[in-house]
Amino acid sequence: FSPSVLGTREHWDAAYERELQTFQDIGDAGEIWFGEESMVRIIRWLEKQKVPLDSSVLDIGTGNGVLLIELAKSGYMNLTGIDYSPSAIQLSEKIRKKEGMTNIKLKVEDFLAPSAELSGFEICIDKGTFDAISLNPDNAAGKRKQYVRSLCSVLKPEGFFLITSCNWTKEELLNEFREGFEILEELPTPKFCFGGRIGNSVTALVFQRK
């Protein structure tokens with residue numbers, strides 16, 4: 001991929017500063033990455049697998065934290081969201097308070113250098129964070145490898161990793177996560193037709209840590 005400002009912390013700090021201001025002004029929680037259906041897809045899979053409601057869940061790059069709100073509304077009780085942007089965590093804290101959710105922990109954390117207490121999760125979820133890391137102008141390939149190492153350190157053996165991506169195909173993601181993970185399932189995403197060929201604009205996969 002070509003390097004992009006979408007891969008920089010400065011971009012996301014500025015973006016969440018704006019969203020924070022908008023939320024304070026008019027109460028709008030901001031953009032939902034990949035739309036509502038992406039959250040429904042994740043929750044439906046967890047419910048189908050009968051994942052216990054007290055399972056520890058980590059949302060990597062939580063942004064405005066809306067996915068965690070939806071998980072909490074679905075009954076999940078042990079939820080943590082991290083983001084390297086302090087503005088994102090401020091925004092998600094305000095939304096959490098507005099929604100009256102007490103079972104969501106939010107932390108400023110850089111997933112590529114996770115703190116020691118970030119460990120032992122049974123579920124890790126990523127909607128777009130791996131995509132953003134892949135666009136970093138400074139050694140994106142090294143950062144992708146560090147992401148996989150971080151994931152291995154925070155996710156329990158046999159834990160589930162659910163990733164939603166608009167930059168990577170299924171085959172590419174299988175290659176990126178081949179060390180330490182095995183594919184369990186590809187989740188259905190919207191199809192589009194272009195020039196007679198049918199494709200997906202979004203890839204959603206479930207991995208299990210070996």
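Along the sequence shown, the residues carry numbers beginning at 1.
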Can you tell whether the side chains of [X] and [Y] come within less than 4.0 Å, N to carboxylate O?
X: D138; Y: K143; value: yes
X: E158; Y: K210; value: no
X: R96; Y: E93; value: yes

- Task: Kindly indicate, with the supporting measurements, whether the criterion side chain to side chain contact (heavy atoms under 4.5 Å, CB included) is fulfilled by W45 and L187.
- Result: CA-CA 8 Å; W45 186 84; L187 303 182; 3.4 Å; yes
Reported [atom1]-to-[atom2] distance for the pair [X] and [Y], which is rounded to 0.5 angstrom:
X: Q208; Y: L155; atom1: CD; atom2: CG; value: 9.0 Å
X: M77; Y: D54; atom1: CE; atom2: CG; value: 5.0 Å
X: L79; Y: F121; atom1: CG; atom2: CZ; value: 10.0 Å
X: T169; Y: N175; atom1: OG1; atom2: CG; value: 9.5 Å
X: I42; Y: F160; atom1: CD1; atom2: CZ; value: 14.5 Å
X: I183; Y: L174; atom1: CD1; atom2: CG; value: 5.0 Å

What I want to check is whether the side chains of [X] and [Y] have a donor and an acceptor closer together than 3.5 Å.
X: S165; Y: D131; answer: yes
X: Q146; Y: S150; answer: yes
X: D126; Y: Y147; answer: yes

- Query: Has R149 got more than 12 heavy atoms of other residues, nucleotides or ligands less than 6.0 Å from its CZ?
  - Reply: yes
- Query: Crowded around K107 NZ? As in, over 12 foreign heavy atoms under 6.0 Å?
  - Reply: yes
Looking at every non-hydrogen atom in both residues, tell me the closest pair between [X] and [Y] and how far apart they are.
X: S56; Y: G120; answer: OG-O, 3.4 Å
X: A140; Y: S134; answer: CB-O, 3.5 Å
X: I60; Y: C124; answer: CD1-CB, 4.0 Å
X: N103; Y: A72; answer: OD1-CB, 3.9 Å
X: S55; Y: V51; answer: OG-CG1, 3.5 Å
X: R209; Y: C152; answer: NH1-O, 3.0 Å

Please confirm whether the backbone N or O of [Y] pairs with a side-chain atom of [X], one donor and one acceptor, at under 3.5 Å?
X: E109; Y: S115; value: yes
X: T62; Y: D59; value: no
X: T164; Y: A204; value: no
X: S119; Y: V154; value: no

- Query: Taking C-beta and beyond as the side chain, do L58 and I123 meet within less than 4.5 Å on heavy atoms?
  - Reply: no
- Message: One pair to check against salt bridge (Lys or Arg N to Asp or Glu O under 4.0 Å): E99 and K73. What are the steps and the verdict?
- Response: CA-CA 10 Å; E99 296 284 347; K73 286 178 179 175; 3.5 Å; yes
- Task: Verify salt bridge (Lys or Arg N to Asp or Glu O under 4.0 Å) between E185 and K48, making sure each step is shown before the conclusion.
- Result: CA-CA 12 Å; E185 198 170 336; K48 191 181 83 177; 3.0 Å; yes
- Item | Centroid-centroid under 6.0 Å between F177 and F130 rings | yes
- List the steps, then state whether side chain to side chain contact (heavy atoms under 4.5 Å, CB included) holds for D83 with L106. CA-CA 8 Å; D83 205 293; L106 295 160; over 6 Å; no
- Message: Show, in sequence, the C-alpha distance, side-chain angles and deciding distance for K127 and M39, and conclude whether the side chain to side chain contact (heavy atoms under 4.5 Å, CB included) test is met.
- Response: CA-CA 9 Å; K127 284 198 311 112; M39 299 194 295; 4.3 Å; yes
- Using side chain to side chain contact (heavy atoms under 4.5 Å, CB included) as the criterion, list what pairs up with K156, not counting sequence neighbours. E122
- Query: So V57 and T80, side chain to side chain contact (heavy atoms under 4.5 Å, CB included) or not? Walk me through it.
  - Reply: CA-CA 6 Å; V57 178; T80 300; over 6 Å; no
